[in-house]
Amino acid sequence: FNIAVFLRAMLLLNPVILLFYNENGLSVQDLFFFQGVFYLVSILMEIPIGYLSDNTSRRKILIMSFLIFLFITVLWLFFKGYYVILIGEILFAISKVMTDNAYSGYLYDYLENKNMVKYWGYMNFYSSTATSLAALIGTYLYQHYGSHFILVMETALISIGILFLIMLPDINPLTLKN
């Protein structure tokens with residue numbers, strides 16, 4: 001689980017996203033507009049995805065989230081332009097909300113089931129470590145190999161993360177005790 005969290009947080013393109021936007025003919029204004037769209041979609045999706053995460057298999061939600069992210073990466077790998085990037089940002093918002101909702105719920109249910117809630121902070125450690133490493137590694141890779149290589153690397157990392165998620169057990173959400 002922690003390795004999947006780590007791999008999902010390895011967003012190698014994030015530190016050079018403006019350069020990637022420029023490669024696609026987009027401007028700084030487009031970046032800010034698309035980020036606004038990202039946050040708006042994220043807010044709008046919180047309730048329906050939260051409901052979905054509470055009433056279906058969180059493992060399946062995580063796998064769907066990773067598959068959406070994989071689709072975005074492949075989309076950006078093979079297609080360029082304004083609308084391709086916009087569609088990717090919208091889907092990324094949905095994927096991120098799915099991930100955020102399902103991660104915490106799955107981990108809590110798993111740890112509670114094993115009477116190990118004290119290990120809750122490990123997920124944040126793996127996520128934060130991956131984000132920090134992605135900032136360093138992504139910048140280096142972009143400088144030496146370009147965005148195409150970064151997208152290929154992200155495709156590989158997300159695919160490995162999906163394999164780890166598939167191996168996780170399905171855990172029924174715990175019901176609140178009165």
Side-chain angles (χ1 to χ4, degrees), residues 4-54 56 58 60-106 123-124 126-162 165:
V5 168
F6 180 86
L7 294 171
R8 175 62 173 85
M10 283 292 288
L11 301 172
L12 299 172
L13 194 61
N14 269 7
V16 292
I17 195 74
L18 178 59
L19 300 172
F20 177 71
Y21 271 52
N22 288 337
E23 286 178 17
N24 281 274
L26 282 78
S27 66
V28 174
Q29 291 81 7
D30 294 324
L31 172 66
F32 288 121
F33 173 70
F34 286 8
Q35 292 304 299
V37 169
F38 171 87
Y39 287 110
L40 179 62
V41 170
S42 295
I43 290 167
L44 294 174
M45 296 306 295
E46 280 290 339
I47 292 174
I49 291 175
Y51 177 80
L52 186 66
S53 292
D54 289 341
T56 60
R58 290 189 173 118
K60 290 177 184 166
I61 298 293
L62 284 170
I63 291 170
M64 273 195 306
S65 168
F66 275 55
L67 287 170
I68 291 170
F69 188 62
L70 180 64
F71 174 77
I72 295 162
T73 306
V74 172
L75 180 74
W76 286 355
L77 187 58
F78 293 106
F79 301 98
K80 304 285 181 207
Y82 185 91
Y83 292 107
V84 171
I85 302 300
L86 179 59
I87 290 167
E89 289 289 351
I90 291 168
L91 290 173
F92 183 63
I94 294 168
S95 172
K96 180 147 177 35
V97 171
M98 290 172 81
T99 300
D100 293 347
N101 275 290
Y103 267 160
S104 55
Y106 181 89
M123 181 183 72
N124 293 328
Y126 282 94
S127 180
S128 299
T129 301
T131 302
S132 301
L133 287 174
L136 299 171
I137 295 168
T139 305
Y140 175 83
L141 291 176
Y142 182 85
Q143 184 179 16
H144 290 84
Y145 304 105
S147 63
H148 189 329
F149 183 79
I150 288 176
L151 291 169
V152 169
M153 291 300 297
E154 282 192 352
T155 300
L157 293 173
I158 242 6
S159 297
I160 294 167
I162 290 169
L165 290 176

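What you see is a predicted model; the values in this text were computed from it and never measured.
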Practice problem: Using a 4.5 Å cut-off on heavy atoms from C-beta on, say whether the side chain of Asn101 contacts that of Glu46. | Solution: yes

Self-check item: Smallest separation among heavy atoms of Ser53 and Ala102, with atom names
Solution: OG-N, 4.0 Å

Exercise. Would you give the length of the straight line joining atom OH of Tyr83 to atom CD1 of Ile90, rounded to the nearest 0.5 angstrom?
Key: 11.0 Å

Quiz item: If you measure from OG1 on Thr139 to CG on Leu19, what distance do you get to the nearest 0.5 Å?
Solution: 9.0 Å

Practice problem: Quick one: list whatever passes ring pair (Phe, Tyr, Trp, His ring centres under 6.0 Å) with Tyr39, sequence neighbours left out. | Solution: none

Quiz item: Which pair of heavy atoms, one from Gly81 and one from Asn24, lies closest together, and at what distance?
Solution: N-OD1, 3.1 Å

Self-check item: Heavy-atom pair with the smallest gap, counting every atom of Ser42 and Ala93
Solution: OG-CB, 3.5 Å

Self-check item: Side-chain touch Leu26/Ile85, heavy atoms, less than 4.5 angstrom
Solution: yes

Quiz item: Taking all atoms of both residues into account, what is the closest heavy-atom pair of Ala4 and Gly161, and its distance?
Solution: CB-O, 4.0 Å

Quiz item: Is there any salt bridge (charged side-chain N to carboxylate O under 4.0 Å, His left out) pair reaching into residues 88-97, and which pairs are they, with sequence neighbours excluded?
Solution: Lys96-Asp100

Quiz prompt | Worked verdict on Leu11 versus Phe92 for side-chain contact (heavy atoms from CB on, under 4.5 Å) | solution = CA-CA 11 Å; Leu11 301 172; Phe92 183 63; 4.0 Å; yes

Practice problem: With sequence neighbours left out, write down each residue that passes ring pair (Phe, Tyr, Trp, His ring centres under 6.0 Å) with Tyr82, or none if nothing qualifies. | Solution: Phe34

Exercise. Quick one: pull up NE2 in His148 and CG in Leu141 and give me the separation to the nearest 0.5 Å.
Key: 14.0 Å

Quiz item: OG of Ser27 to CZ of Phe33: how many Å apart, nearest 0.5 Å?
Solution: 11.0 Å

Quiz prompt | Spacing of CD1 belonging to Ile87 relative to CG belonging to Leu91, to within rounding of 0.5 Å | solution = 7.5 Å

Quiz item: Do Leu7 and Ile158 touch side chain to side chain, with heavy atoms closer than 4.5 Å?
Solution: no

Quiz item: Would Ile49 and Ile94 satisfy side-chain contact (heavy atoms from CB on, under 4.5 Å), going step by step from the backbone distance to the final call?
Solution: CA-CA 8 Å; Ile49 291 175; Ile94 294 168; 4.0 Å; yes

Exercise. Give a yes or no on whether Tyr142 atom OH has more than 12 heavy-atom contacts from other residues, nucleotides or ligands under 6.0 Å away.
Key: yes

Quiz item: Can you list every salt bridge (charged side-chain N to carboxylate O under 4.0 Å, His left out) pair that touches residues 18-31, not counting sequence neighbours?
Solution: none

Quiz item: Is Tyr103 close to Arg8 at the side-chain level, that is, under 4.5 Å between some pair of heavy atoms?
Solution: yes

Hey, can you pull the donor-acceptor pairs under 3.5 Å for the side chains in residues 60-78, sequence neighbours left out?
unit_1: Ser65; atom_1: OG; unit_2: Ser95; atom_2: O; d: 2.8
unit_1: Ser65; atom_1: OG; unit_2: Ser95; atom_2: OG; d: 3.2
unit_1: Ser65; atom_1: OG; unit_2: Thr99; atom_2: OG1; d: 2.2
unit_1: Thr73; atom_1: OG1; unit_2: Phe69; atom_2: O; d: 2.9
unit_1: Trp76; atom_1: NE1; unit_2: Val84; atom_2: O; d: 3.2

Quiz item: What residues, two or more places apart in sequence or in another chain, satisfy ring pair (Phe, Tyr, Trp, His ring centres under 6.0 Å) together with Tyr51?
Solution: none

Quiz item: Does the side chain of Ile150 come within less than 4.5 Å of Phe20's, by heavy atoms?
Solution: no

Self-check item: From Ile137, Leu151, Leu133, residue fulfilling side-chain contact (heavy atoms from CB on, under 4.5 Å) relative to Leu12
Solution: Ile137

Exercise. For residues Ala9 and Ala130, report the shortest heavy-atom separation together with the two atoms involved.
Key: CB-CB, 3.5 Å

